[in-house]
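Working notes, beginning with the structure itself.
The structure presented is a predicted model; accordingly, all values stated were derived computationally and were not measured. We count ligands from 1, going down the list as the structure has it; atoms in each ligand are counted the same way.
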Amino acid sequence: MAALGEFELIAKYFSRPARRVPLGVGDDCALLAVDPGMQLAVSTDLLVEGRHFLSTVRPERLGHKSLAVNLSDLAAAGAAPLAFTLALALPRADDEFLAPFAQGLYALADRHGIELVGGDTTAGPLAIGITVFGQVPAGGALLRSGARAGDDLWVSGRLGDARLALEVFRGNVSLPGTAFEELRLAMECPEPRVPLGLALRGVATSAVDLSDGLAGDLRHVLRASRVGATVEVQALPRSAVLAAQPASLQHECLLAGGDDYELLFTAPAERRAAVQAAGAQAATPVTRIGRIEAGAALRFVDGRGTELALAVRGFDHFA
Ligand code: ADP
Ligand code: MG
């Protein structure tokens with residue numbers, strides 16, 4: 001099949017007319033509007049082959065994940081998605097990649113009512129940069145800095161499956177095919193928790209999305225909020241497949257895993273019913289996993305409250 005030119009490929013795959021925003025793809029800038037009393041929430045994530053995804057990933061799943069990791073940041077802020085831009089570096093402009101990639105991207109975009117409004121396209125090693133725009137009531141965004149001593153610590157969904165899938169890809173763990181497919185779906189098709197983020201507005205005191213492992217991402221919240229925390233490791237929600245692994249591997253996947261794209265958030269202990277109601281409204285499981293404390297220490301404890309000596313760190317590209 002003949003390769004496409006730059007403008008041909010933009011026209012063919014990335015020029016769907018915008019319906020909700022004032023101006024979409026095709027001019028020098030897109031134009032966005034937020035509702036009165038709202039602030040614009042903006043976030044960018046860059047995905048590079050070999051770093052953030054493996055060359056074996058199916059293009060439709062890559063399209064999904066590229067947008068999902070960005071929507072996850074809007075979710076963590078409690079923002080409603082509006083629009084996104086797509087910067088694409090491609091080794092080749094071929095339909096075999098672009099058609100399913102665009103399909104996966106638009107399928108997720110349509111489910112969240114978010115529109116592609118612009119971007120940039122260049123030849124180069126495969127990399128995907130997306131910027132998302134959302135809106136949140138002025139002063140009402142969920143921040144990392146709002147956790148207070150005495151708050152409960154909560155997490156959505158379950159943790160560690162994406163990291164366990166990576167261990168299978170690396171050849172460190174072997175699993176039956178069906179179990180592997182389940183984990184692989186968690187790694188390649190994360191579900192951004194946008195409805196939960198919206199439902200937690202006015203309930204959660206702080207929130208962060210888990211992209212680099214709970215231990216590292218929680219430390220960001222603790223530092224920003226100037227507090228400490230105790231995490232009950234046994235309470236961390238996990239799949240049956242992960243629960244069947246040795247304890248040390250479970251801890252690694254649950255706490256230092258990365259690629260979970262669940263929300264970690266805090267709320268006052270008096271708001272437990274409101275948090276449960278937010279989870280129910282968003283059809284997203286929520287689990288209480290610990291509490292925020294005065295001081296700056298992060299402690300991991302077992303079911304009896306005995307401290308566990310775990311040397312887990314969050315992911316750092318340059319460490
Ligand atoms: P400029 O030279 O002004 O940067 P381009 O020629 O790069 O414009 O792009 C033309 C139009 O196509 C612009 O509206 C731009 O936002 C859009 N565009 C380019 N690449 C993409 C892409 N991958 N996805 C969506 N829109 C794109
Ligand atoms: Mg350009």
Point to revise | Spatial distance of atom OH (Tyr13) from atom CG (Leu86) [nearest 0.5 Å] | key: 14.0 Å
Practice item. Please state which part of Ile10 comes within less than 4.0 Å of ligand 1, counting heavy atoms only: side chain, backbone, both or neither. Key: side chain
Check your understanding: Just wondering, more than 12 heavy atoms not from Arg111 lying within 6.0 Å of its CZ?
Key -> yes
Check your understanding: Which atoms of ligand 1 have any heavy atom of Phe7 under 4.0 Å away?
Key -> 6 (O)
Point to revise | Winner among Leu88, Thr122, Leu116, Asp120 once heavy atoms are compared against atom 4 (O) of ligand 1 | key: Asp120
Review point. Contact between Tyr13 and ligand 1, counting heavy atoms under 4.0 Å?
Key: no
Review point. Which ligand 1 atoms, with their elements, are less than 4.0 angstrom from a heavy-atom of Asp28?
Key: 3 (O)
Exercise for review: Treating Ile, Leu, Val, Met, Phe, Trp and Tyr as nodes and any side-chain heavy-atom pair under 4.5 angstrom as an edge, say whether Val194 and Leu196 lie in one connected cluster.
Suggested key: no
Study note, to complete from the structure: Counting from 1 in the order shown, the ligand 1 atoms closer than 4.0 Å to a non-hydrogen atom of Asp27 are 13 (C), 14 (O)
Check your understanding: Would you find more than 12 non-hydrogen atoms of other residues, nucleotides or ligands less than 6.0 Å from Arg19 atom CZ?
Key -> no
Review point. Does Ser206 offer a backbone N or O that forms a donor-acceptor pair with the side chain of Thr266 under 3.5 Å?
Key: yes
